[in-house]
Amino acid sequence: MTFQDLILKLSVFWASHGCLLQQPLDLEVGAGTSHPETLFRVLGPKPWSVAYVQPSRRPDDGRFGQNPNRLFKHHQYQVILKPSPDQVQQIYLESLEACGINPRQHDIRFEEDNWESPTLGAWGIGWQVMLDGLEITQFTYFQQVGGMDLAPISCEITYGLERIAMFLQRVDNVFDLEWGGGVKYGEVRLQEEVEQSKYAFGQMDMPAEAFARLHRDLFDQYYGFSERLLASGLIWPALEHCLKCSHLFNVLDSSGSIGVTERTAYILRVRQLAVGITRAYVGQSNPPSPGSGEASAKITESL
Amino acid sequence: MDRELLVEIGCEEIPAGWLPGLTVQLARHLDARLKEVRLTSSARAESYSTPRRLTARVAKLAERQTDFEETVTGPPVGAAFEADGGPTPAAIGFAKKYGVDVTALERHETPKGAYLAYRVHHRGKATIDVLADVMGGLLRALTFPRQMRWDAHLEDGKGDLVFARPIRWLVLMYGGRVVPFVIRRSELAQGPNVQDIRSGSQTYGHRFLTTSGRAGRAIKIKTFEDYQARLLENFVILDRAERESRIRRELETHARRLGGRVSPSTSLRAGGLFIDQSSLLQEVPDLVEYPSVVAGHFPVEFLQLPEEVLTTTMMHYQHYFPVVDEEGKLKPAFLAVTNTEPEKPEIIARNAERVLIARLRDAQFFWDEDREATLESRIARLSTILFHKKLGSYREKADRVASLARWIAQAAFEQPEAVANDAERAGRLCKADLVTDMVRELTDLQGAMGGIYAREEGQPELVWKAIYFHYLPIGVEADAPPPRQQLGAAAVTWAAVSLADKLDSVVGMFIAGERPTGSRDPLGLRRQAQGAVKILTDLPELTGLHKRLRIGPLLARAAEPFGGYGDSSAPLVSFMADRLGYLLEQRGYDVRNVRAVLHGGIEGVSPLEARLKIEALAHMSGSEALLSVATLLKRVKNITKGVGDTRDWAAIQARLVEPAEQTLWSQVDARAPGIRDASARGDYREAFAGIAALQPAVMKFFDDVLVMTDDEPLRHARLALVAALRDVILAIADISEIVTES
C-alpha cells in the first residue's frame, strides 16, 4: 500500500463513519491538534466528526534527511469524534483492518500515554497504540482545552502516517517509501527535509544574532497583531496568527536562539494568547445559555 | 440462603501500573460497602483484574440485610407527663410519629437524665434490592492516580462519574440473577453511539482471539466459575498470578532455546540502576490478557554499545527482556511478551526487531556523536538548562556541587587533596550528560551515561564511577544500590558527589520556597533527602569511613552559596529529621525507639549515630533494668523542668543526707565517665548497659527520698543530682520515649 493509498483508505473509512473530510490547515503547525477543526470544534456542545491530513512541522526533529525515522515535517492523519462513540476503539481497530493490518496476526495494544499541550492549555487522557512494538497512533480523550473543561468529551485519533506506511511497505528508511505511482517519498521530500533542517538550525548565510532578531521581531509582530484581531472579534484569523507565533517559537528554540528563562516566558505568552482565543470562541459561538453555559463557566486552570 | 455476588467492570485499557492497586481497592471497598449496608458474607471479597476488566466476587453473601434495632429518644420524662400522670402533648406527638401508643414507649436513662425512648426495629431488605446502592458506592469509592471525565454520571445526585478509562460494560449478578444498575450518559453526549451502561450477565473476551464464533462478541455467563472458564475459552486469563507464571515459563523456554537465560539485571555492570528484570516482570502481566512470548534478534554489531544503553532501550522503551549467556554477557537477542497467541510468531518477531533495530541505530549514532566532545566541553551548554528559576541553570548547580563535593571530601571525610580534587571534578562533570544526545533521548540513563562517557575519555575510576552512580541511592534499605564492591575505590568520591548533589537540591529548593507538602512533592525532595540521609547512615558500609557526621554543618555548608538559609532553617531541619525517622522506621525499628534517638533536634544528631543507638536499643529491648530507668526518666524529666546543667558536681555530695541519695551520687559519679566514653567510641550497647546498671540506685532513690523537700538547699542538691542523671542519659537518647504508648 502506497503512502497516498493509505491516506485514501483512511479517508474512505472515516467518511463512511460519518466524518467530514476536511483539508489540512494551510499554515505551519506542529500537530493536527492546532487545526481549528480540532481546537475550536472540541469546545462547546455541538457534535462534530471530522478527519483530515495535517503536515506537521517539528523543527527540533529535523535531521537533514539523514535519519531514516525522523523528519522536520511528517504527516498526521487526524480524526475527531465528538462525542466519542462507545465503540470508538473497535472502530479504530477496523480502520487498521481497512488499511490491511490483520489484528489476528499482530500484537496490538493500548498502552497508557496521556497528552498535554502547555501552550494550548490543553490536556487529555489516553494511550499510544502499539503495533508489534511500534507506536502507530496517539489516542486521546480531550479533557480540557484553553483551560476549560470540555463537555461532551471528544476523542482524538492521530495516526502517524509515515510509520504506518513503513510498516505496511516493510521499509526501514522513510525516504524509501513509495508515495504513489512508483515515486519514492525521498523524491518528493528529501530536498525539502535537508533545506528545512538547515533553516531550523540556523545554518544559513545570516549571522545567528540577526537570525534570532528577525524571528523575535516576527514573533512580536504576529503576537501583537493576533491580539488586535482577537480584540476585534476576529477569532479565526487571531488563531492563525497565534499559530504563527507558536511555530516561530519552535524555530527560535531549535536554532538555540533563546535561553531557558526566556523559553518559559515565550511558552507562557503563547498560552495566554491561545487561551484567550479559545475562550472567545466559546463565548462567541455559544452565548451563555442553560445548555452551554456550563462549559464556559467551569474555567479551571490546568497549569 | 447465601448466594454468589459477581461484579465485573468492563473498561477500556486501564494503565498497567494502576491495576495491582485497583485490585486491592476493589475488594476492600466492596467489603466495606457490604458491611455498611449490613450484608454479611462467610468470606471476604476476592478481586481480579486484566487491562480491560476489574472483577470482584463474594462467594457467599447473605440473602437479606441483617435486622437491627435503633433506640430513638424523645422528650425528657419530666416533660412527658402531666401532674395527673397523663401524657403531655410532647409525649403524644413523639409516640404518634412512630405510630404507637405512649404506653409502648420506654424510659431511657442518659447522663442528662431520663428520656422517653422508642425502640425501632428495622427489618433487613432483600440483598438484591440493596446491591444497586453498593455498586454505586463502589464505583464512587475507587480512586485513580489520574481520573477522566467521560460524559457519565450515576443516579445518586453526585454528578459526573470520573473513572480510570471509559466503562464499556458492567456485570452485576447475585445468585445468577442480574441486579439492575445503570450508569447514565450526559444529555450532551447521548445519542445512537453513546448509550447508558446497564448491568447485565454478559462479558467480553479477548479483542482478537476466540475458539468459537466471532472474537470480541458478548459472552453470557452464570456463575463466577462459569465466568472464569468462559473467559479462558475466549483467551482471557483472569488470574494475574497465572498470567505471570505463564510469562515466566515461556521466557525461560525461549531463553533456553536461544542458548541463554533471561538477564537478571544484577549481573550487569550497571547493577540495578535501571528498570530491572523483576520490575519489568511485575509490569507485563498487567499489560496483557493472554500472554505469549516471541523471540527476536538484533545484529551482533550493536553489542559494542554499552550494556546500559542496550538494556534500557530493550526494557524501558520496548518492554523487551534481554537474554544473556552463561557468563551474564548480553546475547544479540531479546524476548517480547505479546498479548496474543500469534498464528505466525515470526511476523511479530520481525516487526519487533525492526522497531528495536531502529532504536539501536539511533543509539549507535548518539554514542558515536557524543564521544566527539568531552564532558568538560559540554559544561558551558549546561547554562541553557534551567535547574530552578530562583537557583539558576544546571551550569550553576554543577559549580555548587563541585565545590560542596570538594568540601565534603576534604573537611568532612578528611581525605587527601588528590581525592578532594577528584570529587570536585566529578561534581563539575556530573550533570554534563544532560546535554548529550543519548541522555536527551534516553533520559533514564542520566548519570550512568555521564559515567560511561567519562570512562571512555579516560577519567580515573574515582571520577567516572562517582558520576555514574551519583543519582543513587534511591532506596533507604540497608542494601539499596549501589553495593560497595561496585563502587570499589570510588566509594568515597561517589559519596561526596552524591551527598553534594542531593544536599544542594534539597537546601536550594527549600530556600527557593519549594517545600513538599502532604502528598505533593513534585521535585522529589523527599527521595533526595532520604538518599543523603542513607549515605550518612550507612557510611562505614558504603565507604569504609567511620565518620559520624552531623546533618547541621552539612546543611549549613550547602546553604552558603545561596547566602544562607534565610527563614528555611527550621523547616529544613525538621524535614531532614522526618526523613531519617522514615529511614529508621522502614528498617523495622519501633517508632518509639526512633523518637528516643532523634530527640533534641536533628542538627546535633548524626544519622550514623542514630542508627548505632537504635541498633543498641533494639538489642537491649528485653532489658527490664533499662525499661525501669526509662520509666523513672520520665519522672526525672518532669521534676527537673527548668533545672539547668549541674555546675558543681562535687559540692552536691556534701549536701546530700540520705543513704539512697549518697548511693545514687556515687553510682552516677562512678558510671557517668564510662557511659560517656562508650558513647564517644560509638559503643552504645555498653553505654545503654551502663545506664541500665544505674537502675537499682535510681529505684532506691525514688523509693526512699522525697526530692521536693521544704529544706531549700537540700531540695536544690537533690534536683541537681537527678538533673545530672538526666543529662547523662539524654546526651545519648531520650529513653523515656521507649516506654510511651505507641
Side-chain angles (χ1 to χ4, degrees), chain A residues 18 45-47 63 66-70 81-91 93 102-114 124-127 130-135 139 141 143 149-153 155 166-167 170-172 256 258-261 263-264 291-292 294-295, chain B residues 12-18 51 146-151 164-166 168 185-195 197 207-209 215-216 287-288 294 318-320 336 338-340 342-344 347-359 361-362 365 383-386 389 393:
Chain A
K46 193 179 175 189
R63 291 293 183 275
Q66 288 172 3
N67 186 297
N69 297 299
R70 253 184 238 227
L81 303 170
K82 177 191 178 189
S84 172
D86 293 345
Q87 294 295 318
V88 62
Q89 284 181 303
Q90 190 53 41
I91 299 169
L93 290 168
N102 177 356
R104 268 154 300 283
Q105 295 196 334
H106 298 285
D107 178 33
I108 301 176
R109 293 216 289 253
F110 292 82
E111 294 188 2
E112 179 190 17
D113 195 18
N114 302 321
I125 295 266
W127 309 274
M130 307 299 285
L131 169 62
D132 296 345
L134 176 72
E135 182 193 344
F139 203 112
Y141 291 108
Q143 300 284 300
D149 280 351
L150 301 181
I153 299 296
C155 178
M166 286 168 76
F167 181 91
R170 297 170 194 281
V171 300
D172 292 329
I258 41 175
V260 224
T261 332
R263 189 172 186 279
T264 323
S292 61
E294 198 184 353
Chain B
E12 295 184 353
E13 278 78 354
I14 301 169
W18 303 3
R146 196 162 188 189
Q147 62 198 22
M148 69 173 284
R149 291 179 303 112
W150 53 292
D151 300 319
R165 289 292 185 275
R168 291 307 180 208
R185 308 306 297 279
S186 75
E187 244 172 80
L188 285 173
Q190 215 162 34
N193 298 321
V194 180
Q195 307 238 318
I197 293 128
R207 280 191 193 282
F208 311 120
L209 304 173
L287 281 170
V288 293
V294 300
Q318 292 298 132
H319 292 141
Y320 298 158
T338 67
N339 180 32
T340 188
E343 290 168 18
K344 296 176 188 153
I347 294 182
I348 296 179
R350 291 304 84 79
N351 288 329
E353 285 171 358
R354 287 173 52 205
V355 180
L356 181 65
I357 290 167
R359 282 193 181 274
R361 210 178 277 140
D362 272 356
F365 177 79
S383 58
T384 63
I385 305 181
L386 188 67
K389 58 183 186 294
S393 69

Can you tell me how far [atom2] of [Y] sits from [atom1] of [X], rounded to the nearest 0.5 angstrom?
X	Y	atom1	atom2	answer
A:Gln89	A:Ser84	CD	OG	9.0 Å
B:Arg207	A:Ile108	CZ	CD1	10.0 Å
A:Asn102	B:Phe208	CG	CZ	9.5 Å

Side chain, backbone, both or neither: which part of [X] has a heavy atom under 4.5 Å from chain A?
X	result
B:Ala16	neither
B:Phe365	neither
B:Ala358	both
B:Val288	side chain

Given a strict heavy-atom distance threshold of 4.5 Å, which part of [X] is in contact with chain B: side chain, backbone, both, or neither?
X	answer
A:Pro68	side chain
A:Glu135	neither
A:Leu93	side chain

For [X] and [Y], which heavy atoms make the closest approach, and how far apart are they?
X	Y	value
B:Leu209	B:Ala215	N-CB, 3.8 Å
A:Pro83	A:Pro47	CD-CB, 4.1 Å
A:Cys155	A:Val88	SG-CG2, 3.8 Å

Pick whichever of [options] has the most heavy-atom pairs under 4.5 Å with chain B.
options	result
A:Tyr141, A:Trp127, A:Phe167, A:Phe110	A:Trp127
A:Asp113, A:Asp107, A:Ile153, A:Asp86	A:Asp86
A:Arg104, A:Met130, A:Gln90	A:Arg104

When heavy-atom pairs shorter than 4.5 Å are enumerated against chain A, which of [options] gives the highest number?
options	answer
B:Leu287, B:Thr340, B:Val355, B:Asp151	B:Asp151
B:Glu343, B:Arg350, B:Arg361, B:Lys344	B:Glu343
B:Asp362, B:Asn193, B:Ile14	B:Asn193
B:Gln318, B:Met148, B:Arg165, B:Gln195	B:Arg165
B:Ile197, B:Val194, B:Val294, B:Ile348	B:Ile348

Discussion item. If we ignore hydrogens and angles and just use 3.5 Å, is the side chain of A:Arg263 paired with the main-chain N or O of B:Leu386 as donor and acceptor?
Written reply: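 No, because the side chain of A:Arg263 does not come within donor-acceptor range (under 3.5 Å) of the backbone of B:Leu386.
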Practice prompt. Name all residues meeting the side chain to side chain donor-acceptor pair (under 3.5 Å) criterion together with B:Thr338; count only those two or more places apart in sequence or in a different chain, and write none if there are none.
Written response: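 Checked B:Thr338 against side chain to side chain donor-acceptor pair (under 3.5 Å); matches are B:Ser292.
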Worksheet item: With sequence neighbours left out, what residues match B:Arg354 under side chain to side chain contact (heavy atoms under 4.5 Å, CB included)?
Response: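 Partners of B:Arg354 under the side chain to side chain contact (heavy atoms under 4.5 Å, CB included) test: A:Arg170, A:Asp172, B:Asn351.
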Worksheet item: Using 4.0 Å as the upper bound for N to carboxylate O, is an ion pair formed by A:Glu112 and B:Arg146?
Response: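 Salt bridge: no.
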